[in-house]
Amino acid sequence: MISEKMQDAMNEQIKWELYSAYLYMSMSAYYASTNLMGFANWMRVQAQEETVHALKFYDFINERGGRVELRAVDAPPKDWASPLAVFQDTCDHERIVTGRIGDLVDLARSLRDHASEIFLQWFVTEQVEEESSTDEVVQELKRIQDNSGAMFMLDRELGQRVFTPPAANAST
Ligand SMILES: [Fe+2]
Ligand SMILES: [Fe+2]
């Protein structure tokens, strides 16, 4: 059985994962409005992955006999100054999420909640990947600057990303 404290913290994390999905969907819409369809695709896939993260917490709370509580999700920003500014925000956002996952691990340890601690390891690893993949695009965009040919190539590359849905009923 999950403790009240961990249940509350994980319900809060569901909200954060859904806000992440909302934020990336908004970024996708922004890119679509500027005709960068590859960037738009990348953010759309990113948003889909965030909903999977939310569902992992959802399933875990249920499995441990807890109660899922869906909380109000804030509206994300709608506009950005440049394609680079979007990815810088993505990078900053992922760093905040990494900090939150770290806080959850600390809480699991302080409660001696080993099941939650093991469950959270997946997210610790995932955040390393999230920070590195978003920072990679930030660095690429900084190199590109106003080179429209290079921008075209990067847009095409980001357009290749596909969403892979998790196996049915997989909770981890
Ligand atoms: Fe996430
Ligand atoms: Fe993420």
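Worth saying up front: this structure is predicted, and the values here are computed from it rather than measured. We count ligands from 1, going down the list as the structure has it; atoms in each ligand are counted the same way.
For Arg112, there are no salt bridge (charged side-chain N to carboxylate O under 4.0 Å, His left out) partners two or more places apart in sequence or in a different chain.
Within Glu94, the N, O or S atom lying nearest to the Fe ion (ligand 2) carries the name OE2.
Put simply, CD on Gln88 and CH2 on Trp80 are 13.0 Å apart, with the number rounded to the nearest 0.5 Å. For the atom pair Tyr19 OH and Tyr24 OH, the distance stands at 9.5 Å (nearest 0.5 Å).
Listing protein N, O or S atoms at distances below 2.8 Å from the Fe ion (ligand 1), with waters left out, gives Glu17 OE1, Glu50 OE1, His53 ND1.
For residues 147-158, no pair satisfies side chain to side chain donor-acceptor pair (under 3.5 Å), with sequence neighbours left out.
Other members of a hydrophobic cluster containing Met1 are absent, since no ILVMFWY side chain comes under 4.5 Å of it, directly or through relayed contacts.
By the 4.0 Å N-to-carboxylate-O rule, Arg95 lies close enough to Asp92 to be salt-bridged with it.
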